[in-house]
Amino acid sequence: MFNIVDELDFKAIEQKWKQKWADERIFEPDPEERKKWFGNAAFPYVNAPLHLGHGFTYTRIDVAARFKRMQGFNVLLPFAFHATGEPIVGVAERLKKGDEKQIKILLDSGIPKKDISKFKDAKYTARYWEKVIKKGFDNLGISVDWRRRFSTIDPCFNRFIEWQYRLLRDKGYVIQGTHPVVWCSSCQSPTGDHDRLVGEGESPVNYILLKFKLPSGEIIPMGTLRPETIYGVTNVWVNPDVEYVKAKVDDEIWIISKRCVEKLKDQLHSVQIKGKIMGKELVGKVCINPVLKNEILILPANFVSPENATGTVMSVPSHAPYDWIGLKDLMDNPKFLDKYGIDPEEIKIIKPISVVKTKGLGEHPAVDLCEELGIKNQNEIEKLDKATNLLYKKEFHQGILRENCGEYQGLKVSQVKDDLSTDFQKINAASEMWEASGEVVCRCGTKCYIKILENQWFLKFSDERWKQKTRECLRMMKIYPEDGRKNFEATIEWLQNKACARRSGLGTKLPWNKEWIVETLSDSVIYMAYYTIAKYINSEKIEPDQLNDDVFQYIFHGTGDVKKISEERGISKEVLQKMRKEFEYWYGFDLRGSAKELIPNHLTFCIFHHTAVWPDKKKWPKAFTVNGMLNIEGEKMSKSKGNFILLLEAIKKYGADATRMALMDSAEGLNDANFSERDVLSWRSKLSSFYGLTKKHYNKGNVMLKRPIDIWLISRFQDYIKKMTEHLEKVENRSALTYFHQMLNDLHWYLRRNEEKNKTVVNYALEVMTKFLSPYCPFVSEEMWKIMGKNRFVSLEKWPTSDESKIEEKILKQEDAFKKICEDIRHVIELSNKNKNLYLYVLEDKELLYLQQATSFLKSEFGFDGVKVLKTKDPKKYDPENKSKRAKFGKPGIYIE
RNA sequence: GCAGGGGUAGCCAAGUCAGGUCAACGGCGCAGGACUGAGGCUCCUGUCCCUUAGUGGGUUCCUGAGUUCGAAUCUCAGCCCCUGCACCA
C-alpha cells in the first residue's frame, strides 16, 4: 500500500496561520474612515458541538466576509452563543434523574465520566460547549472578532432583552390573549413536537359541537368538523357501553363523556358533574336537531369513542362511511336492536340524506365508497378511516351545498364552513371545543389534550401597521438567492400573533411580569445590535446593574443626557459615547446568513423586530442569505443513520481548507447540499497540486514583451475576474468557484502551449488565483502568498479587479479557432492513424502567421515530424492541388500523411 | 391539507425569467494515453447511441397534452422530492 503523499502539511499550515491571524488581530475591526461591512449568521445553540451543517452555513458567511474584506471594506464578523430556552435545562434535569440515555449522549460526545455530574448545572453545560464551539469556528478559519462574544444567558444581555420588550410593549406590539396548545396535564405544560412519544405534527383543531336537545331539556353536544352535515343527519350515535356524565357546563346541562369534562374545564368552561348515565340508557330515545328542529333517534354504535370530543356523534350516512356502515350493521343484527327494544322497522325507514354535491361523486358518496372498498362492518377501521379521509378532503375542496341546506345552498363547503359555525353559535345551536388533530402522547406517557392558555403574552404580528413596515423593509432588502423572497412574503402575510413567553427554561424574565420568561425565538432577533457594544461590555467589565433603559436608549437611539446617564449608571461618558458611535457605525447589518428552515420564523421575526425597534430605516437589515440543508453522501445527516459528522472531526480528517472547498462546491441556492468524502479528498489533492504548480512556476519564466498568447491569458482572466466577483456579490459561492476551474484550465493550456513562459503573465495569473482562493481556503492561500515572497496577509490583500481595456477580442477568437483546429487535427489523426507530416492550408495572411508561430507546439503536441502552413489563393479553384478540400475562411484545410 | 422551493445525461449541477447560437458550461466519477521504478499524484484525451479524414444522422432535459416554423426553456394537467406550518430551537 502506498500512502497518499501530500506536498502540503495542511495541519501545520492551519496551525501556523490561525496563530498569526490571532496574534496580529486582523479580524478585530473598530470604527474608522473606511466603509464598513457587517456580516453575521444565526448563532449556535450551546448543547452540542458544531456539525458539518453549521460548517456549511458559517463558511458561506465567512467567504462573503473575507471577500468584502479584500474589497477594502472594514469587515465585522462576530459570533455569540445561544443558551436560553429548554434544551440545556432539560439535559440538567435528565441527569439529575440519572437518565442513562442522557449520560450516554454526553459520554459519546467525549466527556470524561468524572465530569458528567457537572452538567447538572445548565450554566456549566453552556460554558462547556461554548469553548468547544469556539474551537470549531477557529479551526475552520472563520474570521471572527471574538472580542464581541457573549451568551444569551449573560445578565447584561438580559438587560438588553428587557429594554427590547419594554419598548415593544410601549408600542403596543406585545399584548395578552388566550391560545390553544397541546397540553400534558401531568407535566402541566404545553407539549411541543419534540416532547412527544406519539403524535408529531398534530395540532389543535376546532370542533363544532351541535347541541341536540333531549325532551327533558338536557343537551347532548355532538362534535364534528363538518357543520354542514347537520342538514343530512338521520340519527345520532352513542356508545351503549360507555358511562357518560351529566354535567353543568356554564348554564346548561350537557351529556358528555368523562374525558370531555376534563377538556372543557381547560377550555375556559365552568364544568360541574351532576350525575351519570350509561349510553344504553339513551339508546332508543329521541332528541331534537338544533337547526332543523326535527326529531332524531338515538342509536347504539361501538365505533363512537369517549376519547374524541364529547363522546357522541351525529350520523350522516350519505357523507360519512362510519355512519352508513353503522346503520347497515344494525340492520344486519336485529337481535342487537332487540336488546335495546328498537323495532328494526325504525332502522329500515332511515334513508341517507345527501347535502353536498361533488363533481365525480354520486348522490350518496359514503354508500358508494363503502361498496367500492368492500367494507363489510364497522370493525374494518383501517378502510373506514381511509374512506372518511378521502371523502372529507374531496367534499371539502370541491363540494357544493345542495338545496336542502337553507340559506347556504349553492355555496362551496370550504367557503361556508366558518360561517356555519359562527351562525349556529349565534342561535345557540352550537358551541365549539378544541381537540388534537390526532393522538398525542407526552414523553412522560400521559395522553395529551388541548388546553386554552389564558393571559398568554403575544407578539402582535397580526398588526397591519407592523406588517406594512415589515413588507417595506423586505422590499428594500436583498435576498440571496432571490428565490427565497416569496417565502418571506408569504410568511409576513400568514403570520399571526405569536406567543413570546414561557413558564420554564432559561431566559430573560418579562420585565413587567416576572413569572414569564421571554421565549427563545423572541430573544434572538435583534441581538446583532448587541455585538456592536459587547466589545465594551466585555472590556470595561460593565455590570448588569449599570445597564438600564436609559443607557440602551442613548446607545441605540441617541436620546437622553449622556452626562446624566453616565453619573447615574457609573459608566464613563467616553465609554457611553464610544458605544453609541460603535452602534452608529456598524448598524444595520449588511448580510445575515442562515439555513432556509429559519425563513418562516427567525429571519422574518428579525425583520419585524427591527422595524419596530428602530424607526430609522438605516438601521434595518440589508440582506439575508439562506442555504439548503447539508446532506452527507446523499442522505440526511442524523445520528441514528450513523452519518453524523462533527465539524472538528471533519477538519481533523480532511483539513479545514479542503472541508471548506467541498462545502462551498456542494450547492448553492435553496437546494440541499451534499457532502461526500470523494469530493473533499479530491479538493484536498487539487489544492495540493495547485500549491505545487505555484511553487514550480511562480517567478520562474522570462521577462519579455507580451506575445499574442500572453495577451490571450490576460484577456481570459479579465472576464473571469468580472464574473466571479459578480457571483460573490450575490453570495453565489459555488458559481464563483467554477471560474477557478476555468482559470486553472487556461493556465494549464498556457503553460503547455509555450516553451517560453512570460514571467509577468504567469505571476499575474497565479496571484489572481491565489487571491481568489483566499476567501475559500484561507490557510493554503496564505501559505502560497508567502512562498510568492509576499509579506502581507493575502487575507488583507486587494481583491483583483478586471480591466476591460486588457481584453483583446481578436486574439481570444484566434486562440479559440486554434483550439478548434487542434481538435480537428486530433480527430483526423485518430481516424487516419497517421501523424508524420501535417499540412495546413489557409486563406489569409493573419492566419498564416498565427499558425506558423504554433508549429513547434503542434509538433510536440501531436508528434509530427514536419508541420507546414501553406497559403492557398482561391479556395474554389485551388481544389486540384489541394489535398484537403476543406479550407474555408477562418478554418484551414488539414492534410496529414 | 396549506405555503415556499425544486425535479437536467453515472453523481453533483449551470441553462428556464428575456424560446432557436443546447447533445446542453463546470466539477466529481469512469475509460484510454502521457509521465513514472511503481502509482490511487499530476497532465492530456474521451465519456447518450450509430456513423465518419476534421462529418452526418437518431434519441434525450420527471410524465402526459398543448402553443410555435422551432421548447430543457412558454401554457395546462398529473406524479415525485425538499423546507416550514407556531409557543419549538
Side-chain angles (χ1 to χ4, degrees), chain A residues 1-7 42 45 47 82 84-87 179 181-182 189-195 201 203 389 392-393 396-397 437 453 456-459 461 481-491 493-502 505 519-522 524 595-602 626 628-629 631 634 636 662 665-674 676 678-679 681-683 685-686 688-689 692-693 734-735 737-742 745 748-749 751-752 820-834 861 884 886 891-896:
Chain A
M1 270 307 200
F2 296 96
N3 289 325
I4 297 167
V5 183
D6 282 322
E7 266 200 71
Y45 194 80
N47 64 341
H82 194 194
T84 43
E86 303 272 3
H179 187 64
V181 293
V182 177
S189 77
T191 310
D193 256 355
H194 56 289
D195 289 328
S203 57
N389 272 329
Y392 178 87
K393 274 181 208 161
F396 179 79
H397 290 108
S437 54
L453 290 181
Q456 174 68 266
W457 291 99
F458 290 93
L459 285 163
F461 287 144
E482 189 54 33
D483 298 338
R485 183 180 297 277
K486 280 191 180 158
N487 206 344
F488 281 100
E489 287 169 350
T491 305
E493 300 316 313
W494 167 85
L495 213 53
Q496 293 301 311
N497 295 347
K498 157 108 175 54
C500 63
R502 287 179 63 80
E519 179 269 330
T520 72
L521 266 185
S522 310
S524 60
K596 68 177 173 184
E597 63 197 7
L598 295 190
I599 294 176
N601 44 65
H602 169 80
V626 289
M629 311 297 288
N631 291 336
K636 195 174 272 192
D665 193 30
S666 65
E668 71 187 18
L670 295 172
N671 292 339
D672 285 352
N674 186 44
S676 77
R678 219 161 67 172
D679 292 344
L681 289 178
S682 155
W683 268 112
S685 64
K686 195 153 203 155
S688 215
S689 87
L693 185 87
R734 184 187 207 273
S735 297
L737 203 47
T738 60
Y739 293 97
F740 173 72
H741 294 123
Q742 312 252 24
N745 286 346
H748 279 309
W749 176 253
L751 295 172
R752 191 165 126 215
K820 183 82 183 110
I821 293 166
C822 290
E823 264 179 49
D824 288 348
I825 292 169
R826 186 165 291 118
H827 201 153
V828 177
I829 290 174
E830 227 172 76
L831 294 170
S832 65
N833 220 3
K834 299 172 194 163
E861 177 76 5
S884 166
R886 295 171 195 265
K891 194 160 185 190
I894 296 167
Y895 182 76
I896 295 174

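Lettering of chains follows the sequences in order, A, B, ..., and the numbering in each one begins at 1. Note that these values count all heavy atoms, side chains included, but never hydrogens, waters or copies made by symmetry.
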Please determine, for the side chain of [X], which listed nucleotide ([options]) has the closest atom?
X: A/Glu86; options: B/A53, B/A89, B/C28; answer: B/A89
X: A/Pro600; options: B/C28, B/G84, B/G5; answer: B/G84
X: A/Glu519; options: B/C43, B/A89, B/A3; answer: B/A89
X: A/Lys498; options: B/A86, B/U42, B/G4; answer: B/A86
X: A/Arg826; options: B/A3, B/U45, B/C28; answer: B/U45

Query - Gap between atoms CG and C1', on A/Leu737 and B/C28 respectively (whole Å) - result: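 Rounded to the whole Å, the gap is 13 Å.
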**Report entry** Separation between the C1' atoms of B/C79 and B/A24, rounded to whole Å
**Finding:**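 Between the two C1' atoms, the distance is 25 Å.
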Report task. For nucleotides B/G57 and B/U52, find the distance between their P atoms and express it as a whole number of Å. Result ->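 It works out to 15 Å between them.
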So, is [X] close to the [N] phosphate, meaning a side-chain N or O under 4.0 Å from OP1 or OP2?
X: A/Lys636; N: B/U83; value: yes
X: A/Asn745; N: B/C43; value: no
X: A/His741; N: B/G26; value: no
X: A/Ser676; N: B/C12; value: no

Looking for any heavy atom pair under 4.0 Å, which part of the strands does [X] touch: base, sugar-phosphate only, or nothing?
X: A/Lys486; value: sugar-phosphate
X: A/Lys820; value: nothing
X: A/His602; value: nothing
X: A/Glu597; value: sugar-phosphate
X: A/Ile825; value: nothing
X: A/Asn487; value: sugar-phosphate

Query raised in the report: Does any N or O in the side chain of A/Thr84 come within less than 3.5 Å of the main-chain N or O of A/Thr520, such that one atom is a donor and the other an acceptor?
Result: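 It does not hold such a pair.
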Query raised in the report: Donor-acceptor pair, A/Ser682 side chain versus A/Arg678 backbone, under 3.5 Å?
Result: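 Pair absent, no side-chain N/O of A/Ser682 close to backbone of A/Arg678.
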**Report entry** Residues in side chain to side chain contact (heavy atoms under 4.5 Å, CB included) contact with A/Asp672, at least two apart in sequence or another chain
**Finding:**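 With neighbours one apart ignored, the set is A/Lys596, A/Met629, A/Asn631.
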Requested in this report: Name all residues meeting the side chain to side chain contact (heavy atoms under 4.5 Å, CB included) criterion together with A/Glu823; count only those two or more places apart in sequence or in a different chain, and write none if there are none.
Outcome: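 So A/Glu823 forms a side chain to side chain contact (heavy atoms under 4.5 Å, CB included) with A/Lys820.
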Query raised in the report: Does B/U16 have a Watson-Crick or wobble partner in any strand here, with both distances under 3.5 angstrom, and which is it?
Result: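 Pairing partner, where one exists within any strand: none, as none qualifies.
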Requested in this report: With a 3.5 angstrom cut-off on both distances, give the Watson-Crick or G-U wobble partner of B/C43, or none if there isn't one.
Outcome: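 WC or wobble partner is B/G33.
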Could you go over nucleotides 13-16 of chain B and give all protein N or O partners under 3.5 Å, atom names and distances?
residue	atom	partner	partner atom	Å
B/A13	O2'	A/Arg734	NH1	3.3

